Amino acid sequence: MAAFNHYEHGIVRIKVPVPFPLQWVNAYVLRDEDGYVIVDPGLNTEQARELWLEVLTELKIEPQQIRKTVLTHHHPDHYGLAGWMQELTNCEIYLSPAGYALVKRLWGEGETLTDELCALFAEHGLPQDKHLLMYEHMKGFVPLVSPQPAEVKYLEEGDVWRAGDLSFRTLSVSGHAYRHLIFLDEQHRLMLCGDHVLPRISPNISYLPDEDPDPLHSYLQGLDELAACGELSAVYPGHRDPFRDLTGRVNELKAHHERRLQQTAELLQQPTTAYEVCQTMFGERLSIHQLRFAMSETIAHLVYLQRRQYIRADKRGDTTVYTSMTPYPG
C-alpha cells in the first residue's frame with residue numbers, strides 16, 4: 001500500500017521519501033475538472049519515482065491526466081521531481097519568478113550560488129577543512145533535481161488557480177524561501193502553506209548571498225500575514241501532518257525566534273564568528289547537510305540583530321565577527 005492519505009475535498013497527501021532526517025516531504029494530489037494537479041512532487045530519487053508510479057497506479061490515475069504541477073518554492077525536496085513529472089505526464093510546471101531565478105542560480109548553466117554561499121560561509125568563520133565538503137554537498141543536489149523542466153510558467157501574488165471545486169488565491173511570503181508561494185481557498189478555508197509554517201518543527205530561515213537582505217524579518221512578517229487570513233478548517237504543510245490552529249502555531253514560531261535572538265545576542269560579549277555562534281546554538285556534531293542549514297539560519301539571526309543595532313559587525317582579517325552593543329529586549 002502506497003504512503004498516502006485522503007482528506008476533505010478530494011485532497012490526497014503523498015509522503016514522498018527524502019534521504020534526510022525529515023524522512024519525507026508532503027506532496028498533494030488535487031482533482032481537477034479535466035484531470036489532476038500535483039503540488040510539490042518531492043526530491044528526485046529512485047525511491048521517490050517508484051513511489052509515485054505506485055501511487056498513480058493505486059489511485060487509478062493515468063500520467064496524461066496530470067495537467068499541472070504547482071510548486072510552493074524552489075527547494076530541492078519540493079522542486080526536484082518537477083522535470084521528471086513533466087517528462088512523465090507532459091504537465092505544466094508553475095513556480096514563482098523569483099523561485100525559478102534561484103533554480104537557475106543553483107543548478108542552471110553558469111550557476112553561481114554554490115560558490116557564493118561557500119564564500120559567505122568562509123567569511124563567517126567556516127573552517128578550511130569544511131570548505132570542500134560544503135562545496136561537494138551543494139553540487140550533490142544536481143542529480144536530485146535533474147532533469148530540469150523544459151518549460152516553467154509563473155505564479156505570483158494574487159494569481160488564482162482552480163482544482164475542482166477548490167479555488168486558490170496565491171500569496172507570497174519570504175524567509176524560509178524567497179517568494180515562497182502560499183495557496184489559500186477562502187471559501188473552504190483551506191491553505192497549502194508549503195514550508196513557511198510547519199507543525200512541531202521550525203522551518204529553516206536561511207540567509208543567502210544577494211537575495212533577501214533580512215530573511216528573518218521577512219519570515220516573521222509573513223507569519224503575521226498568514227495569521228491575518230483568519231481561522232482555517234485545514235492547513236496542509238510541506239512536512240509533518242495537516243493541522244488546524246494556524247494562529248496558535250504562528251505564535252509558537254514567533255516565540256521560538258524571540259528566544260533564539262535573545263540567546264544569540266547573549267553569546268556576543270566578545271567578538272565572535274557566525275560559525276562559533278552556530279556551534280554553540282546547534283552543537284558541534286552536525287552533518288555537512290545540517291551545518292549548511294545551521295550556518296544560514298545563524299547568519300539570518302545575526303543580520304536581524306545587526307540591522308537593528310543590537311550588535312555590530314567588524315572585520316578580523318577576512319573574517320566577520322559580531323559583538324554586542326545593546327541588550328536585546330526580547
Side-chain angles (χ1 to χ4, degrees), residues 16-25 42-48 73-81 102-148 175-178 195 201-212 215-216 238-239 260 263-264 267 271-303 313 315-322:
V16 183
V18 293
F20 311 132
L22 284 173
Q23 298 185 311
W24 79 84
V25 60
L43 191 70
N44 193 350
T45 67
E46 182 177 359
Q47 187 180 10
H73 61 297
H74 71 281
H75 289 170
D77 56 331
H78 297 255
Y79 168 84
L81 273 169
L102 280 162
V103 164
K104 291 186 283 187
R105 284 184 68 197
L106 280 162
W107 310 300
E109 290 186 20
E111 63 84 14
T112 60
L113 192 51
T114 293
D115 288 336
E116 293 164 357
L117 185 63
C118 289
L120 175 76
F121 287 169
E123 177 192 342
H124 284 83
L126 186 71
Q128 184 67 39
D129 63 345
K130 298 187 186 300
H131 289 185
L132 181 58
L133 292 174
M134 187 64 69
Y135 181 85
E136 291 175 341
H137 166 68
M138 293 294 294
K139 290 294 188 182
F141 281 101
V142 172
L144 300 176
V145 299
S146 300
Q148 302 269 342
H176 173 73
Y178 192 53
D195 285 0
I201 56 176
S202 173
N204 176 250
I205 311 304
S206 289
Y207 181 90
L208 295 178
D210 297 322
E211 196 197 74
D212 190 331
L216 179 57
H239 300 276
R260 179 65 54 81
Q263 293 164 352
T264 299
L267 293 173
T272 307
T273 67
Y275 179 72
E276 290 167 336
V277 174
C278 178
Q279 283 190 303
T280 301
M281 298 295 291
F282 295 97
E284 300 182 13
R285 302 180 66 179
L286 301 177
S287 69
I288 201 70
H289 176 80
Q290 293 167 327
L291 180 58
R292 174 172 60 88
F293 285 121
M295 278 290 290
S296 291
E297 176 138 340
T298 298
I299 295 170
H301 283 74
L302 290 166
V303 165
K315 282 293 187 180
R316 190 169 61 191
D318 294 330
T319 304
T320 298
V321 294
Y322 295 90

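Residue numbers start at 1 and run along the sequence shown. No experiment lies behind these values; they were computed from the predicted model shown.
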| note | Hits for ring pair (Phe, Tyr, Trp, His ring centres under 6.0 Å) against H131, two or more places apart or cross-chain, chain-then-number order -> none
| Does the side chain to side chain donor-acceptor pair (under 3.5 Å) test come out yes or no for Y322 and E276, once each step is laid out? | CA-CA 10 Å; Y322 295 90; E276 290 167 336; over 6 Å; no
| field | Beyond-backbone contact of T320 with K315, side-chain heavy atoms, under 4.5 angstrom | value | yes
| field | Check: L291 and Y275 side chains under 4.5 Å, non-hydrogen atoms | value | yes
| Minimum heavy-atom distance R292-F121, with the two atoms named | O-CZ, 3.8 Å
| message | For a 4.5 angstrom cut-off between non-hydrogen side-chain atoms, does L43 reach V16? | response | no
| Contact summary for A294 and C278, nearest pair of heavy atoms | CB-SG, 3.5 Å
| Who are the side-chain contact (heavy atoms from CB on, under 4.5 Å) partners of S287, not counting sequence neighbours? | H289, Q290
| query | Does a sphere of radius 6.0 Å around CG in D318 hold more than 12 heavy atoms from other residues, nucleotides or ligands, not counting ones at 6.0 Å or beyond? | reply | no
| Any side-chain heavy-atom pair of M295 and L120 under 4.5 Å | no
| request: Output the distance between atom CH2 (W107) and atom CG (L102), rounded to the nearest 0.5 Å. | output: 8.5 Å
| field | Pair E211 + R105: basic N to acidic O under 4.0 Å | value | no
| Taking atom CG of L117 and atom CG of L126, what is their separation to the nearest 0.5 Å? | 9.5 Å
| Can you list the residues that meet the side-chain contact (heavy atoms from CB on, under 4.5 Å) rule with I201, with sequence neighbours excluded? | L22, L198, H239, R240
| field | Side chain proximity check, E297 to I205, heavy atoms < 4.5 angstrom | value | yes
| field | Pairwise distance CD(E116) to CG(L106) - rounded to 0.5 angstrom | value | 9.5 Å
| message | Main chain of G42, side chain of H78: is a donor-acceptor contact present, judged purely on distance under 3.5 Å? | response | no
| Got a second to check how far N44's CG is from L81's CG, nearest 0.5 Å? | 4.5 Å
| request: Taking the side chain as every heavy atom from C-beta outward, state whether V103 and Y79 have any pair of such atoms under 4.5 Å apart. | output: yes
